Amino acid sequence: RFDMVVLCRALWAKDYLQVLKEAHRLLRKSSHSCLLVVEPLKKWWGRAKHQPDSNALLGSLRKTGFSIDLQHTVDIEPRPWESEEGSAAFKTGSPRKKGIFQYIVARHST
(Lines give C-alpha, C1' and ligand atoms only; values in the text may rest on other atoms or scores of the structure.)
Protein backbone atom coordinates (compact mmCIF):
# COMPACT_ATOMS: atom_id res chain seq x y z
CA ARG A 1 0.00 0.00 0.00
CA PHE A 2 1.06 3.57 -0.65
CA ASP A 3 0.82 6.85 1.26
CA MET A 4 0.15 8.77 -1.94
CA VAL A 5 -1.30 7.89 -5.31
CA VAL A 6 -1.10 10.39 -8.18
CA LEU A 7 -3.43 10.31 -11.18
CA CYS A 8 -2.39 12.92 -13.73
CA ARG A 9 -4.57 12.87 -16.84
CA ALA A 10 -5.18 9.19 -16.15
CA LEU A 11 -8.98 9.16 -16.33
CA TRP A 12 -9.52 9.30 -20.09
CA ALA A 13 -10.73 5.74 -20.52
CA LYS A 14 -14.37 4.68 -20.35
CA ASP A 15 -13.52 2.59 -17.29
CA TYR A 16 -12.29 5.58 -15.25
CA LEU A 17 -14.34 4.37 -12.26
CA GLN A 18 -12.24 1.20 -12.28
CA VAL A 19 -9.07 3.34 -12.22
CA LEU A 20 -10.43 5.24 -9.19
CA LYS A 21 -11.34 1.97 -7.44
CA GLU A 22 -7.82 0.68 -8.00
CA ALA A 23 -6.33 3.91 -6.62
CA HIS A 24 -8.57 3.47 -3.56
CA ARG A 25 -7.32 -0.12 -3.14
CA LEU A 26 -3.66 0.94 -3.41
CA LEU A 27 -3.92 3.82 -0.94
CA ARG A 28 -3.00 3.10 2.65
CA LYS A 29 -5.87 3.73 5.08
CA SER A 30 -4.27 6.49 7.09
CA SER A 31 -5.10 10.09 7.93
CA HIS A 32 -1.82 11.08 6.25
CA SER A 33 -2.33 9.25 2.96
CA CYS A 34 -4.01 10.89 -0.03
CA LEU A 35 -4.89 10.68 -3.69
CA LEU A 36 -3.86 13.60 -5.90
CA VAL A 37 -5.86 13.93 -9.12
CA VAL A 38 -4.84 16.37 -11.86
CA GLU A 39 -7.41 16.45 -14.64
CA PRO A 40 -8.65 19.01 -17.17
CA LEU A 41 -11.61 20.84 -15.67
CA LYS A 42 -13.33 21.14 -19.05
CA LYS A 43 -13.58 17.36 -19.36
CA TRP A 44 -15.53 17.05 -16.09
CA TRP A 45 -17.49 20.29 -15.78
CA GLY A 46 -21.13 19.79 -16.79
CA ARG A 47 -20.59 16.13 -17.66
CA ALA A 48 -23.40 14.88 -15.41
CA LYS A 49 -26.65 15.53 -17.26
CA HIS A 50 -28.66 15.73 -14.04
CA GLN A 51 -26.24 18.38 -12.66
CA PRO A 52 -25.00 20.44 -15.64
CA ASP A 53 -23.36 23.15 -13.51
CA SER A 54 -21.21 20.82 -11.44
CA ASN A 55 -17.95 18.90 -11.49
CA ALA A 56 -18.72 15.24 -12.23
CA LEU A 57 -15.27 14.10 -11.07
CA LEU A 58 -16.06 15.00 -7.46
CA GLY A 59 -19.10 12.73 -7.53
CA SER A 60 -17.09 9.91 -9.12
CA LEU A 61 -14.45 10.18 -6.40
CA ARG A 62 -17.11 10.04 -3.69
CA LYS A 63 -18.79 7.09 -5.44
CA THR A 64 -15.53 5.12 -5.29
CA GLY A 65 -14.94 5.68 -1.56
CA PHE A 66 -13.06 8.97 -1.37
CA SER A 67 -13.78 12.19 0.46
CA ILE A 68 -12.56 15.49 -0.99
CA ASP A 69 -10.04 17.49 1.05
CA LEU A 70 -11.36 20.94 0.14
CA GLN A 71 -8.62 22.69 2.10
CA HIS A 72 -5.98 21.38 -0.33
CA THR A 73 -8.09 21.15 -3.51
CA VAL A 74 -8.05 23.96 -6.08
CA ASP A 75 -9.74 24.96 -9.33
CA ILE A 76 -12.69 22.54 -9.16
CA GLU A 77 -15.03 25.19 -10.59
CA PRO A 78 -14.55 27.51 -13.56
CA ARG A 79 -13.55 31.06 -12.75
CA PRO A 80 -14.96 34.09 -14.57
CA TRP A 81 -13.31 34.93 -17.84
CA GLU A 82 -11.16 38.06 -17.87
CA SER A 83 -11.05 39.69 -21.30
CA GLU A 84 -7.25 39.96 -21.30
CA GLU A 85 -6.85 36.21 -20.77
CA GLY A 86 -6.88 34.01 -23.83
CA SER A 87 -6.56 30.32 -24.48
CA ALA A 88 -7.40 29.04 -21.00
CA ALA A 89 -11.08 29.84 -21.48
CA PHE A 90 -13.96 27.56 -22.30
CA LYS A 91 -17.65 28.07 -22.58
CA THR A 92 -20.31 26.51 -20.40
CA GLY A 93 -23.19 28.54 -21.71
CA SER A 94 -22.66 32.18 -20.94
CA PRO A 95 -20.79 34.09 -19.54
CA ARG A 96 -17.46 32.62 -20.56
CA LYS A 97 -15.47 30.71 -17.96
CA LYS A 98 -11.81 29.78 -17.66
CA GLY A 99 -9.78 27.02 -16.12
CA ILE A 100 -7.37 24.41 -17.40
CA PHE A 101 -6.52 21.87 -14.71
CA GLN A 102 -8.12 21.01 -11.41
CA TYR A 103 -6.04 19.71 -8.53
CA ILE A 104 -8.03 17.46 -6.22
CA VAL A 105 -6.77 15.97 -2.98
CA ALA A 106 -8.90 13.05 -1.82
CA ARG A 107 -8.71 10.67 1.12
CA HIS A 108 -10.30 7.39 2.18
CA SER A 109 -13.78 8.24 3.39
CA THR A 110 -13.73 5.36 5.88
Side-chain angles (χ1 to χ4, degrees):
R1 304 262 175 164
F2 297 91
D3 290 323
M4 180 176 232
V5 174
V6 177
L7 297 176
C8 184
R9 299 185 64 177
L11 302 175
W12 290 85
K14 288 182 181 181
D15 64 345
Y16 66 90
L17 286 175
Q18 201 59 36
V19 174
L20 292 174
K21 288 176 186 176
E22 182 65 9
H24 190 270
R25 186 187 72 78
L26 291 172
L27 195 61
R28 182 171 294 149
K29 291 182 184 179
S30 161
S31 62
H32 301 289
S33 63
C34 68
L35 168 69
L36 173 62
V37 181
V38 181
E39 280 286 314
L41 178 59
K42 184 177 180 179
K43 177 180 180 359
W44 296 94
W45 187 259
R47 185 172 176 166
K49 292 179 180 164
H50 62 283
Q51 292 180 314
D53 290 329
S54 68
N55 187 335
L57 182 53
L58 301 178
S60 296
L61 284 162
R62 290 181 182 113
K63 184 177 181 178
T64 53
F66 289 102
S67 62
I68 311 303
D69 181 344
L70 292 174
Q71 183 179 0
H72 296 102
T73 294
V74 295
D75 292 335
I76 56 174
E77 293 183 351
R79 291 174 277 147
W81 166 273
E82 301 294 330
S83 61
E84 65 273 3
E85 297 181 51
S87 63
F90 67 93
K91 245 184 175 177
T92 56
S94 190
R96 295 176 83 180
K97 308 282 184 179
K98 73 169 187 148
I100 297 178
F101 287 101
Q102 55 186 325
Y103 302 87
I104 301 171
V105 176
R107 302 184 188 281
H108 273 276
S109 59
T110 54

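The figures here come from the full heavy-atom set of this structure, side chains too, leaving out hydrogens, waters and symmetry mates. Numbering starts at 1 and runs along the sequence shown. All values derive from a computational prediction rather than experimental measurement.
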Do [X] side-chain atoms and [Y] backbone N/O form a donor-acceptor pair below 3.5 Å?
{"X": "Arg107", "Y": "Ile68", "result": "no"}
{"X": "Ser33", "Y": "Arg28", "result": "yes"}
{"X": "His24", "Y": "Gly65", "result": "yes"}

Shortest non-hydrogen contact from Ala56 toward Ala48: CB-N, 4.0 Å

For Cys34 versus Leu27, what's the shortest heavy-atom pair and its separation? O-CD1, 3.3 Å

Cluster question for you: counting only ILVMFWY and a side-chain heavy-atom cut-off of under 4.5 Å, with indirect links fine, are [X] and [Y] together?
{"X": "Val105", "Y": "Met4", "answer": "yes"}
{"X": "Phe2", "Y": "Val6", "answer": "no"}
{"X": "Leu11", "Y": "Val38", "answer": "no"}
{"X": "Leu20", "Y": "Trp45", "answer": "no"}

Rounded to the nearest 0.5 Å, how far apart are [atom1] of [X] and [atom2] of [Y]?
{"X": "Ser60", "Y": "Trp44", "atom1": "OG", "atom2": "CH2", "value": "5.0 Å"}
{"X": "Ile100", "Y": "Asp75", "atom1": "CD1", "atom2": "CG", "value": "9.5 Å"}
{"X": "Leu7", "Y": "Leu36", "atom1": "CG", "atom2": "CG", "value": "8.5 Å"}
{"X": "Thr64", "Y": "Gln18", "atom1": "OG1", "atom2": "CD", "value": "10.0 Å"}
{"X": "Phe66", "Y": "Leu57", "atom1": "CZ", "atom2": "CG", "value": "10.5 Å"}
{"X": "Phe101", "Y": "Glu39", "atom1": "CZ", "atom2": "CD", "value": "8.5 Å"}

Hey, are Asn55 and Gln102 close enough side-chain-wise for a donor-acceptor pair under 3.5 Å? yes

Hey, mind stepping through Ile104 and Val74 against side-chain contact (heavy atoms from CB on, under 4.5 Å) and telling me if it holds? CA-CA 7 Å; Ile104 301 171; Val74 295; over 6 Å; no

Take His72 and Tyr103 through the test side-chain contact (heavy atoms from CB on, under 4.5 Å) and record every step on the way to the result. CA-CA 8 Å; His72 296 102; Tyr103 302 87; over 6 Å; no

Given Leu17 and Lys63, is the side-chain contact (heavy atoms from CB on, under 4.5 Å) satisfied, shown in steps? CA-CA 9 Å; Leu17 286 175; Lys63 184 177 181 178; 4.0 Å; yes

Charged tip of Arg47 within 45° of Tyr16 ring normal and under 6.0 Å: yes

